[in-house]
> 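Have a look at the structure that comes next, please.
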Amino acid sequence: MTRTPRPLIRLGVNIDHVATVRNARGGTHPDPVAAALLAVQSGADGITAHLREDRRHIRDADLQRLRADVKAPLNMEMAATDEMVSLASTLLPHACCIVPERREELTTEGGLDVAGQLASLKPRVQALVEKGIRVSLFIDPDPAQIDAAVAAGAQVVELHTGAYAEGRAGELDRLRAAATHAAAKGLEVHAGHGLTYENVGPIAALPEIMELNIGHFLIGQAIFDGLPTVIQTMKRHIHAASAR
């Protein structure tokens with residue numbers, strides 16, 4: 001019997017840290033929208049941008065320009081607040097990924113506690129879904145959180161790969177089991193956080209994974225090799241692993 005080839009895994013490129021560099025000096029350079037346009041031209045399947053409460057990198061005007069100028073799916077990362085739901089409902093990105101957010105953290109630390117916040121999350125998820133926005137929840141690879149994501153009405157879960165990227169024992173097995181469980185529950189499965197050329201292969205090899213969202217490594221490596229090269233190299237790593 002001939003095996004049906006799986007769909008190619010999509011690569012979403014997070015351009016937050018282009019804005020981080022811009023904001024370090026003020027002004028308009030480097031422009032995250034220009035980076036997004038170049039990323040798509042270089043093979044990115046979508047663009048991810050996190051509008052934080054404190055606007056430490058991406059700003060409201062960046063998102064508006066991304067929505068207007070970039071002809072690829074825009075994934076807006078956001079906290080589960082009324083302000084962000086209102087902004088997303090006006091912007092109408094292709095997708096919103098709801099993430100936990102603490103003002104003092106350097107980057108997103110751990111997954112969203114969907115099970116513990118279901119009562120407040122569910123109406124916010126529903127408000128976004130009613131606007132035609134695809135809603136993803138960024139969670140740790142935990143069956144209870146996956147079940148809660150279903151109860152909240154999300155269409156997608158993005159599995160937090162940070163502990164795996166840090167080398168925690170058993171984490172790949174947890175991710176494998178979580179991806180299987182989520183797909184069985186009817187959720188589309190994405191993954192991201194801390195992924196590099198060296199560690200992306202085992203994640204891309206998980207048959208349920210449909211999309212990987214990668215930012216910090218790609219933007220950092222682009223300093224040395226250029227954004228087109230790093231995007232194309234990452235896609236080769238991803239597609240080689242997923243074809244095995």
> Between Glu53 and Thr81, does any side-chain donor sit less than 3.5 Å from a side-chain acceptor?
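The answer is no; no qualifying pair exists.
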> Would Leu92 and Thr90 count as a side-chain contact (heavy atoms from CB on, under 4.5 Å) here? Give the steps.
CA-CA 6 Å; Leu92 297 178; Thr90 300; over 6 Å; no
> Between Leu212 and His190, does a side-chain contact (heavy atoms from CB on, under 4.5 Å) hold up when you go through it step by step?
CA-CA 6 Å; Leu212 296 173; His190 301 176; over 6 Å; no
> Walk me through it: do Asp82 and Arg124 pass the test salt bridge (Lys or Arg N to Asp or Glu O under 4.0 Å)?
CA-CA 8 Å; Asp82 290 340; Arg124 290 175 169 132; 3.0 Å; yes
> A side-chain contact here means heavy atoms from C-beta on lying under 4.5 Å apart; do Gln232 and Ser42 qualify?
yes
> Pair Arg22, Asp62 - check salt bridge (Lys or Arg N to Asp or Glu O under 4.0 Å), show working.
CA-CA 12 Å; Arg22 175 197 62 190; Asp62 296 327; 2.8 Å; yes
> Could you tell me which residues satisfy side-chain hydrogen bond (donor to acceptor under 3.5 Å, both in side chains) with Asp173, sequence neighbours excluded, listed by chain and number?
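With neighbours one apart ignored, the set is Arg176.
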> How long is the span from the CG atom in Leu112 to the CD atom in Glu101, to the nearest 0.5 Å?
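The CD atom of Glu101 is 11.0 Å from CG of Leu112, to the nearest 0.5 Å.
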> Show me the pairs that pass salt bridge (Lys or Arg N to Asp or Glu O under 4.0 Å) and involve residues 140-169, at least two apart or across chains.
Asp147-Lys185
> Just list the side-chain donor-acceptor pairs under 3.5 Å for residues 128-135, sequence neighbours left out, or say none.
from   : atom 1 : to     : atom 2 : distance (Å)
Glu130 : OE2    : Gln126 : NE2    : 3.3
Arg134 : NH2    : Glu188 : OE1    : 2.7

> Under 3.5 Å, is there a donor-acceptor pair between the Asn75 and Thr48 side chains?
yes
> Please evaluate residues Phe138 and Glu77 with respect to the criterion side-chain contact (heavy atoms from CB on, under 4.5 Å), reporting the C-alpha separation (whole Å), side-chain torsions for both, the decisive distance (0.1 Å), and the verdict.
CA-CA 9 Å; Phe138 184 75; Glu77 288 189 348; 5.7 Å; no
> So Lys122 and Val125, do their side chains get closer than 4.5 Å, heavy atoms only?
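They are not in contact (no side-chain heavy atoms under 4.5 Å apart), so the answer is no.
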> Spell out, as yes or no, whether a donor-acceptor pair under 3.5 Å connects the side chain of Ser242 to the backbone of His239.
yes
> Answer yes or no: is there a side-chain heavy-atom contact under 4.5 Å between Ile219 and Thr20?
no
> Is a side-chain N or O of Gln145 found less than 3.5 angstrom from the main chain of Val114, in a donor-acceptor match?
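Present.
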> Has the side chain of Asp16 got a donor or acceptor atom that lies under 3.5 Å from a matching backbone atom of His50?
yes
> If we count only N and O atoms by modelled type, under 3.5 Å, do the side chains of Asp225 and Gln221 hold a donor and an acceptor together?
yes
> Quick one: are Met78 and Val99 in side-chain contact, heavy atoms under 4.5 Å?
no
> Is any side-chain heavy atom of His193 less than 4.5 Å from a side-chain heavy atom of Thr161?
yes
> Should Asp60 and Leu87 count as side-chain neighbours, where that means a heavy-atom distance under 4.5 Å?
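Side chain of Asp60 against side chain of Leu87, heavy atoms only: contact under 4.5 Å found.
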> As an exercise, state the distance from CD1 of Ile58 to CG of Asn23, rounded to the nearest 0.5 Å.
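So the CD1 of Ile58 and the CG of Asn23 are separated by 8.0 Å.
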> Determine, for Asp54 against Arg52, whether the closest basic-nitrogen to carboxylate-oxygen distance falls under 4.0 angstrom.
no
> Restricting to ring-ring contact (aromatic ring centres under 6.0 Å, His included), what partner residues turn up for His181, sequence neighbours left out?
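Not a single residue meets the ring-ring contact (aromatic ring centres under 6.0 Å, His included) criterion with His181.
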> Where the side chain of Asn213 meets the backbone of Gly192, is there a donor-acceptor pair that is under 3.5 Å apart?
no
> Are Leu159 and Ile203 close enough that some pair of their side-chain heavy atoms sits under 4.5 Å apart?
no
> When you compare the side chain of His160 with that of Ile139, does any pair of heavy atoms fall below 4.5 Å?
no
> Distance-only criterion, 3.5 Å: show the donor-acceptor pairs between side-chain atoms of residues 25-35 and protein atoms not counting sequence neighbours.
from  : atom 1 : to    : atom 2 : distance (Å)
Asp31 : OD1    : Val33 : N      : 3.1
Asp31 : OD1    : Arg65 : NH1    : 3.1
Asp31 : OD2    : Arg65 : NH2    : 2.8

> I would like to know whether His237 and Glu198 meet side chain to side chain donor-acceptor pair (under 3.5 Å); could you show each step before the answer?
CA-CA 9 Å; His237 281 277; Glu198 287 72 29; over 6 Å; no
> Kindly write out the residues that satisfy ring-ring contact (aromatic ring centres under 6.0 Å, His included) with His216, not counting sequence neighbours, or none if the list is empty.
His17
